[in-house]
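Throughout, a chain's letter reflects where its sequence line sits, starting with A, and its residues are numbered from 1. Note that the coordinates shown come from a computational prediction; the quantities given were computed from them, not determined experimentally.
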Amino acid sequence: MDTIKGRKEFLELYGSGRKRTYSTLIIFYKEKGQGRRFGVAVPRRIGSAPARNTVKRRLRELVRREEKRLPDHTSYVLVLRGQREPGFRELEDDLHRFIEDVKRERTQRFEEGPA
RNA sequence: GGAGCUGGCCGGGUGAUCGCAGGGGCCGGAAGGUCCCUGAGGAAAGUCCGGACUCCACAGGGCAGGGAGCUGGGUAACUCCCAGGCGGGGAAACCCGACGGCAAGUGCAACAGAGAGUAGACCGCCAGCAGCCUCCGCGCAGGGGGUGUUGGUAAGGGUGAAAGGGUGGUGUAAGAGACCACCGGCACAGCCGGCGACGGUUGUGGCCAGGUAAACCCCUCCCGGAGCAAGGCCAAAUAGGAGCCGAGCCGUGGCCCGCGGCGUUUGAGGUUCGGGUAGGCCGCUAGAGGCUCAUGGAGACAUGGGUCCCAGAUGGAUGAUCACCGGCUGAUGGUCCUUGGUAAAUGCUCUUAUAUAUAGGCUCGCGUUUGCGCGGCGAGAAUGUGAGCCUCAUCGGGCUACAAGAUAGCCCUCGAGCGUACCAAGGCCAGAAGUUACAGAAUCCGGCUUACAGGCCGGCUCCCUCA
């Protein structure tokens, strides 16, 4: 899993990337460069350092599992929503929804494209 | 067994699947692959002290600023640690203390109170003066009690966190360190013990000096600045840009003097606009290091030997998911064990026998409420003491009657052992459910402080019981 590094690149995705909102996550993404690259952001309001680290590990684990199902040549930033530490299942559900949404979006574009 | 104090330690485990970071070996031209090893804490936290390390400065002096503040020791150093002293808390084990100086100066103190730091008369106490009352009337002597007023007084009451030493005496109208004795405290001097803080003791002195220095301040001692984004190397890039101000600027990091450097035609420096970089490597993990043994020491710790190598990320690794097992709390159940209590709704056996002081009321006797004289009223009121009588209550419980209580009637009654029933507590077994903390290295150490579900081991104090 390649990671996004540098504040500038994060700001670029926040500014010009596409955005989808789910119950525990906000996901920014944009076609860019080679391969798939990921960034994870967990705000301070979630809790202490150990709590934030746990959430980040869960998100990385999910990305590692599901990476192949996402479109290539794209950068993604996953930002945590809410005030509390979410469970693994909640995060998993949201990521699956995102994968379905992105797949539908590409199919639509593919059908509209040649027409 | 209970209550408490204290020192040290731990702070989930196993398995499966899928992963991360560093190092090493092997394969490969490289990308990478593969195997092995290692991979968060007691506080990694707060960033509060102290150091190591790195760079800058080193020419000093004065002023300012900050810190420390009982003694001796330990340490690289400390605001830390050990031992001791003193003060405070506790019945004790033990705990707590910024613990130099308010008898150098200046300042501050709410409310209450008469008075709060050169003290102060609200009540009280005492004295003088005036006038009044004393079973009734009158007189004499003496006493007592109020009132008003003028003074005295810090004994007593009251206020307050605190009222200007305490106790006893002398003294006095009443009092007062006014004087005396003892005690406490203070200052000075001596002696004894201790390295010392200090302790003990003797003498002298003046009667005594309130609190607050995390109030200013005074005294003693200590203190260059910045921090691993320190600092160095490599690579890349900006571009030696423009406008304006301009005689000072920089370092000695607070200020002044002084000193050093740069600059005033060759323009230091500042500011605005425009533009750009922030990639890699080293520092970077072997250290005041861990474990263990020996020696010295009361201890903190030191010295020496042996042995081990134990995180180094940089959008930041050290894990994610699932299953099982633990730890703790525990509704409820089993009624197996122990202990205690209750029971004419209880059985059996043994052994047997008991009376008290106080309170209240009533009656009677005696004494006192200054003395005397005359008259009146009246055996009264208050108080002390002695004798007799009466009443109530307590000294055991249950049942019946009554709404309840008083009360009345009836019954059982003491002690010991065993058993039965019920209740309570503890142990044991089962167990729904809940809970499983605080918290994430970022240059590294030594500390401090704060947070923490729960658990383990040791030592000590007090109380109860048994032998």
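- A perpendicular orientation is assigned to the rings of F28(A) and Y14(A), their planes being inclined by more than 60° (bins at 30° and 60°).
- Remark: the R64(A) side chain and the rG319(B) base include no donor-acceptor N/O pair separated by less than 3.5 Å.
- Distances shown here put a side-chain N or O of R60(A) below 4.0 Å from the OP1 or OP2 atom of rA317(B).
- Of the nucleotides present, rC56(B) is the one that pairs with rG224(B) by Watson-Crick or G-U wobble criteria, both distances under 3.5 Å.
- A salt bridge links R64(A) with E61(A): at least one charged nitrogen is closer than 4.0 Å to a carboxylate oxygen.
- At a threshold of 4.0 angstrom between heavy atoms, the contacts of R58(A) are confined to the sugar-phosphate backbone, with no base atom among them.
- Look at rG263(B): its glycosidic torsion is beyond 90° from 0, and that puts it in the anti range.
- If you find the closest nucleotide of RNA chain B to A49(A) and to E61(A), the one lying nearer the 5' end belongs to E61(A).
- rG128(B) adopts an anti glycosidic conformation, its chi angle falling more than 90° from 0.
- Base pairing of rA437(B) is not made with any nucleotide, judged by Watson-Crick or G-U wobble geometry with both donor-acceptor distances under 3.5 Å.
- Ring-plane geometry between Y29(A) and F98(A) is classed as perpendicular, the angle between the planes exceeding 60 degrees on a 0 to 90 degree scale with a lower cut at 30.
- Pair check for rA127(B) finds rU150(B); Watson-Crick or G-U wobble, both atom distances under 3.5 Å.
- R37(A) comes within 4.0 angstrom of no nucleic acid atom, judged by non-hydrogen atoms across all strands.
- In this entry rA197(B) has no Watson-Crick or G-U wobble partner, no candidate having both defining distances under 3.5 Å.
- Side-chain nitrogen and oxygen atoms of R57(A) include at least one within less than 4.0 Å of the OP1 or OP2 phosphate oxygen of rU318(B).
- Mapping F88(A) and S48(A) onto RNA chain B by nearest heavy atom places F88(A) at the nucleotide closer to the 5' end.
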